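To start, the structure under review is shown below, and the notes come after it.
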Amino acid sequence: MQEVILFSFIFINILAFIVYGVDKWFSLKKHQRISERELHTFSLIGGFLGATLSMAIFSHKTSKSTFLIKHILIILVWIIAIVFYLKQII
């Protein structure tokens, strides 16, 4: 079961990285953008690492404070959840 969780976590982070990169590309090409709600959804379902990495590499959404605040809150929720999980199994 842990292997499935790890694979899912890796997959969603790779997908989040790609989606954030595509949205940055869309912004440069003046295409219709991926909504912030959809971007945050990828972080919420576990893609927060891939999203953060993509934001850093592509300088995407890094100057929009409301987006960053929401993203940081999502990361904090994940940190709390991981710590809680680890306390349960130790």
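By convention here, the first residue in the shown sequence is residue 1. All figures in this text were calculated on a predicted structure; none of them were measured in a lab.
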Quick one: CG on L49 to CD1 on I12, what's the gap to the nearest 0.5 Å?
11.5 Å
So, taking the atom named CG in L15 and the one named CD1 in I10, what distance separates them when rounded to the nearest 0.5 Å?
13.5 Å
Flag, side chain of W78 to backbone of F48, donor-acceptor distance under 3.5 Å:
no
Minimum-distance pair of heavy atoms, taken over all atoms of Y85 and Q2:
OH-NE2, 4.2 Å
Go through T66 and K64 one step at a time and tell me if the side chain to side chain contact (heavy atoms under 4.5 Å, CB included) criterion holds.
CA-CA 6 Å; T66 56; K64 190 165 184 186; 3.8 Å; yes
Mind telling me whether H60 and Y20 have parallel, tilted or perpendicular rings, with 30° and 60° as the class edges?
perpendicular
Does E36 come within less than 4.0 Å of K61, counting only side-chain N to carboxylate O?
yes
So CG of L73 and CG of L44: to nearest 0.5 Å the spacing works out to 10.5 Å
Would a line drawn from the ring center of F67 to the ring center of H40 be shorter than 6.0 Å?
yes
Is there a path of hydrophobic side-chain contacts, each under 4.5 Å between heavy atoms of I/L/V/M/F/W/Y residues, joining I75 to F84?
no
For the pair E38 and S35, evaluate side-chain hydrogen bond (donor to acceptor under 3.5 Å, both in side chains) and give the outcome as yes or no after the intermediate values.
CA-CA 5 Å; E38 290 176 84; S35 73; 3.1 Å; yes
Group every Ile, Leu, Val, Met, Phe, Trp and Tyr by side-chain heavy-atom contacts under 4.5 Å, then state whether L53 and I79 land in the same group.
no
For atom CZ of F11, decide whether the heavy atoms of other residues, nucleotides or ligands shown that lie under 6.0 angstrom number more than 12.
no
L68 and M55, any side-chain heavy atoms less than 4.5 Å apart
yes
Please report the interatomic distance CG(L39) to CD1(I74), rounded to the nearest 0.5 Å.
10.0 Å
Look up atom CD1 in I45 and atom CZ in F9, then write down how far apart they are to the nearest 0.5 Å.
11.5 Å
Common cluster, L86/V83, ILVMFWY with side-chain heavy-atom separation under 4.5 Å:
yes
Is any side-chain heavy atom of F17 less than 4.5 Å from a side-chain heavy atom of F42?
no
Taking the side chain as everything from C-beta on, heavy atoms only, tell me whether S27 gets closer than 4.5 Å to D23.
no
Closest non-hydrogen atom pair, A51 against A16:
N-CB, 4.0 Å
Check whether I34 and L28 end up in the same hydrophobic cluster, where Ile, Leu, Val, Met, Phe, Trp and Tyr are linked by side-chain heavy atoms less than 4.5 Å apart.
no
Find out if a path of hydrophobic residues (ILVMFWY) with successive side-chain heavy-atom gaps under 4.5 Å connects I82 to I89.
yes
Between the side chain of S54 and the main-chain N/O of G50, is any donor-acceptor distance below 3.5 Å?
no
